[in-house]
Amino acid sequence: MSADTPRRIVLLRHAKADWPQVSDHERPLAERGRTEAATSGRKLADTGIGFDLALCSTAERTRETWKIAVHELPHRPRTVYEERLYDATLGDLLALVNETSDEVRDLLLVGHNPGMHALADVLSASAEGDTMARMTQGAFPTAAFAVVGFEGSWKSVEHGVGRLLDYWAPHD
């Protein structure tokens, strides 16, 4: 693929987590979260995006979200469980995206807030229709995702390079 290939990054926040007496990293999904994860998977399938790579946080709730959501997709992308997605700053997230191979056209990140929302916001210089208003108003709830498109190499991803193509949240 050339450096001017159209690319998409999808930012999926984990589904609703439970609050048992475990470390934050080990928090599982709540019952509602399991339902949300399946719904998000179906909505991701509806986008028609054929993900080449999924990077998923190592936290229990993100791994569970992905395990449920991926069963709704027409094909399972290569998945890497990435420790740096847990408790990631905006800078950490941009660094991970910049490290992505240019062989990848469509990338999915399964992570946490505030990072997923912040990354969608800073990458998107423009938006389709009312997607930006809906994303900003909804505060990126659990199981929500944003689709940002851009052209160029993953190494060139920085503030304002993309266009918010889609935004979906379970309670929209």
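Between the side chain of S156 and the backbone N or O of S153 there is at least one donor-acceptor pair closer than 3.5 Å. A donor-acceptor pair under 3.5 Å links the side-chain atoms of D92 to the main chain of T89, judged by distance alone. Not a single donor-acceptor pair under 3.5 Å links the side chain of T62 to the backbone N or O of C56. With D52 contributing its side chain and R105 its backbone, the two residues share a donor-acceptor pair below 3.5 Å. T136 places a side-chain N or O within 3.5 Å of a backbone atom of M132 that can act as its donor or acceptor partner. Under a 3.5 Å cut-off, the side chain of R7 and the backbone N or O of G152 do form a donor-acceptor pair. No donor-acceptor pair under 3.5 Å is formed between the side chain of S124 and the backbone N or O of S126.
A salt bridge does not link R163 to E151: none of the charged nitrogens lies less than 4.0 Å from a carboxylate oxygen. Ion pairing of E31 with R34 is present here, as a side-chain N (NZ or NE/NH1/NH2) and a carboxylate O approach within less than 4.0 Å.
Annotation: side chain of D166 is in contact with side chain of T47 (closest heavy-atom distance under 4.5 Å). At a threshold of 4.5 Å between non-hydrogen side-chain atoms, the residues F51 and L73 count as touching. The side-chain heavy atoms of L109 and L119, taken from C-beta on, include a pair separated by under 4.5 Å. Inter-residue side-chain proximity for L164 and E128 is flagged as unmet; no heavy-atom pair is nearer than 4.5 Å. Taking the side chain as every heavy atom from C-beta outward, L55 and Y81 never approach each other to under 4.5 Å. Side-chain contact between L123 and L94 is present, with at least one heavy-atom pair separated by less than 4.5 Å.
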Side chain to side chain contact (heavy atoms under 4.5 Å, CB included) assessment of V148 paired with L165: CA-CA 6 Å; V148 179; L165 303 174; over 6 Å; no
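In this structure, M116 and L85 approach most closely via the heavy-atom pair CE-CD2, 4.5 Å. Nearest heavy-atom pair across A120 and A146 is CB-CB, 3.8 Å. The nearest pair of heavy atoms linking A144 to P170 is N-CD, 4.0 Å. Taking both residues in full, the closest heavy atoms of P28 and P20 are given as CD-CG, 3.6 Å, listed atom of the first, atom of the second, then distance. The two atoms that bring T100 and L96 nearest to each other are OG1-O, 3.4 Å, heavy atoms only.
Under the salt bridge (Lys or Arg N to Asp or Glu O under 4.0 Å) criterion, E83 pairs with no residue, sequence neighbours left out. Every residue two or more places apart in sequence or in another chain that forms a ring pair (Phe, Tyr, Trp, His ring centres under 6.0 Å) with H25 is listed here: Y86. Applying the side-chain contact (heavy atoms from CB on, under 4.5 Å) criterion to R42, with sequence neighbours excluded, gives A38, T39, E72. Every residue was checked against the side-chain hydrogen bond (donor to acceptor under 3.5 Å, both in side chains) condition with H159, not counting sequence neighbours, and none meets it.
The closest side-chain donor-acceptor pair between S101 and W154, if any, does not fall under 3.5 angstrom.
Counting only residues at least two apart or on different chains, the side-chain hydrogen bond (donor to acceptor under 3.5 Å, both in side chains) pairs with a member in residues 106-122 are R8-D106, S57-H112.
If you run side-chain hydrogen bond (donor to acceptor under 3.5 Å, both in side chains) between T142 and each of H14, R61, R13, E36, only E36 comes through.
For F145 and F140, the ring centers are positioned 6.0 Å apart or more.
Note: L44 CG to L108 CG = 6.5 Å, rounded to the nearest 0.5 Å. Note: W66 CH2 to R76 CZ = 7.0 Å, rounded to the nearest 0.5 Å. For the atom pair T65 OG1 and E60 CD, the distance stands at 9.5 Å (nearest 0.5 Å). From T58, atom OG1 reaches atom CD of E26 across 8.5 Å, with rounding to the nearest 0.5 Å.
Atom CD of Q137 is surrounded by 12 or fewer heavy atoms from other residues, nucleotides or ligands within 6.0 Å.
In this structure, L29 shares a hydrophobic cluster with I68, the cluster being traced through Ile, Leu, Val, Met, Phe, Trp and Tyr side chains under 4.5 angstrom apart.
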